[in-house]
Amino acid sequence: SPAPPMPEPGRPPAPGGHAGVSDDLVNLLHRTGLPPQRFAAGVRKWSDGELLFRHLAEVRARSRWSGVLGPDSLWDAIGDRPHQAKFQTVRLGVAMPDRYRIDYLSGDWNERVSARDGDRQWTVLANHVVTFPAKPLTQDWARLADPAWLLTSCWQLSAGAAEDVGGRRGWRIWAKSEPGRRETGDSANLFARAVATVDAELGILLRLAFLVDDRPAVCFELHDVTVPPAGDPDEFRVEIPPGTRVVESTSPFALIDVPAPLQAAWTAGKAGLAGAAAVAGWLQKRQDRHEERTDHEPDG
């Protein structure tokens with residue numbers, strides 16, 4: 001069936017028309033007084049590949065590092081590829097602090113299932129399974145489960161109106177980041193604007209869109225949200241059919257069947273939020289280390 005259209009973000013607050021968030025909304029974002037997250041939901045993800053790639057190329061062009069992420073000829077080749085809009089779906093189950101399961105249902109995913117049962121993380125690929133020491137949710141999904149990242153100092157928040165998303169009531173929040181205060185290590189720092197809807201009861205994000213030129217470059221939306229009863233940890237484990245190759249690893253490259261020298265170019269070409277933002281975070285860390293070395297160099 002054809003993909004549903006990406007939700008429109010509406011018009012952001014006009015300059016000077018920003019309304020601060022209330023104490024109640026701050027507490028909801030912080031999840032004050034709420035139990036650890038336990039929910040299950042379907043997730044829709046839209047990506048505007050052309051807009052994302054152009055934005056990433058601009059980030060690269062502004063970097064002071066010449067030839068970063070490979071030679072210009074490689075980027076020219078990637079740029080010649082069509083970067084089409086993409087629609088993907090997953091089923092997300094979370095039982096914090098240490099269990100989750102993501103079933104990748106449709107779209108161009110490398111993984112089939114990614115799960116953490118408390119002790120180990122399991123990722124099912126097309127022809128093998130990779131197991132890691134237990135790791136937290138990756139940023140794309142963790143942002144939906146815990147919106148407290150919006151309270152960091154780099155984001156200026158404006159309260160919006162109440163709205164329903166997927167049949168649940170929530171509150172819209174506009175977020176604008178200041179370039180000089182963006183945090184390293186968080187892939188959201190690739191974007192200057194975001195709009196989110198926080199669930200009024202659960203304190204999770206029902207919808208999150210990152211904007212470029214006030215257009216949604218990537219959008220996540222939850223639907224069919226339920227709060228299942230506390231269950232057995234086996235619900236978050238992966239059944240591995242007999243004969244399946246299992247790889248024990250600590251490297252994320254074990255998840256990608258691409259030679260290591262091409263990882264950065266492949267990541268950029270995928271034009272997904274996690275890939276593009278990881279590149280941006282790497283750029284910023286390299287720049288910070290360069291500035292730190294420069295600050296300590298003797299004069300002359």
Minimum-distance pair of heavy atoms, taken over all atoms of [X] and [Y]:
| X | Y | result |
| --- | --- | --- |
| Leu157 | Ala175 | CD2-CB, 3.7 Å |
| Gly107 | Gln88 | CA-CG, 3.8 Å |
| Leu125 | Asn110 | CD2-O, 3.4 Å |
| Phe191 | Leu211 | CD2-O, 3.9 Å |
| Leu137 | Ala145 | CD1-CB, 4.5 Å |
| Tyr104 | Val90 | CD2-CG1, 3.7 Å |

How long is the gap from [atom1] on [X] to [atom2] on [Y], to the nearest 0.5 Å?
| X | Y | atom1 | atom2 | result |
| --- | --- | --- | --- | --- |
| Leu208 | Trp149 | CG | CH2 | 5.0 Å |
| Arg143 | Phe210 | CZ | CZ | 4.5 Å |
| Leu205 | Asp199 | CG | CG | 9.5 Å |
| Arg99 | Asp117 | CZ | CG | 7.5 Å |
| Asp98 | Asp119 | CG | CG | 8.0 Å |
| Ser114 | Lys135 | OG | NZ | 10.0 Å |

Please name all residues satisfying salt bridge (Lys or Arg N to Asp or Glu O under 4.0 Å) with [X], sequence neighbours left out, ordered by chain then number.
| X | value |
| --- | --- |
| Arg116 | none |
| Arg172 | Glu163 |
| Asp103 | Arg101 |

Counting only heavy atoms not in Arg112, do more than 12 sit closer than 6.0 Å to its CZ atom?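 Atom CZ in Arg112 is not crowded, with 12 or fewer foreign heavy atoms closer than 6.0 Å.
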
Heavy atoms of other groups near Asp23 CG, more than 12 under 6.0 Å: no

If two hydrophobic side chains count as joined below 4.5 Å and joins carry through other members, does [X] share a cluster with [Y]?
| X | Y | value |
| --- | --- | --- |
| Leu222 | Tyr100 | yes |
| Trp174 | Leu28 | no |
| Leu206 | Leu29 | yes |
| Val195 | Leu150 | no |
| Leu105 | Trp141 | no |

[X]: ring-ring contact (aromatic ring centres under 6.0 Å, His included) partners, not counting sequence neighbours:
| X | result |
| --- | --- |
| Trp171 | none |
| Phe39 | none |
| Trp46 | Phe87 |

Got [X] and [Y] here, is their nearest side-chain heavy-atom distance under 4.5 Å?
| X | Y | result |
| --- | --- | --- |
| Lys45 | Lys86 | no |
| Val113 | Trp122 | no |
| Arg31 | Asp146 | yes |
| Ile204 | Leu144 | no |
| Val227 | Leu202 | yes |
| Arg169 | Glu201 | no |

Who passes side-chain hydrogen bond (donor to acceptor under 3.5 Å, both in side chains) against Glu221, sequence neighbours left out? Arg44, Arg207

In chain order, what residues pass the side-chain hydrogen bond (donor to acceptor under 3.5 Å, both in side chains) check against Ser106, with sequence neighbours excluded? Thr89

Any residue meeting side chain to side chain contact (heavy atoms under 4.5 Å, CB included) with [X], in chain and number order, not counting sequence neighbours:
| X | answer |
| --- | --- |
| His30 | Thr32, Leu151 |
| Asp214 | Pro12, Arg193 |
| Arg215 | Asp48, Leu51, Arg54 |
| Ala159 | Val21, Leu25 |

Before you tell me yes or no, could you show the steps for Ser158 and Ile173 under side-chain contact (heavy atoms from CB on, under 4.5 Å), namely the whole-Å CA-CA distance, both residues' side-chain angles and the distance that decides it to 0.1 Å? CA-CA 6 Å; Ser158 301; Ile173 298 170; over 6 Å; no

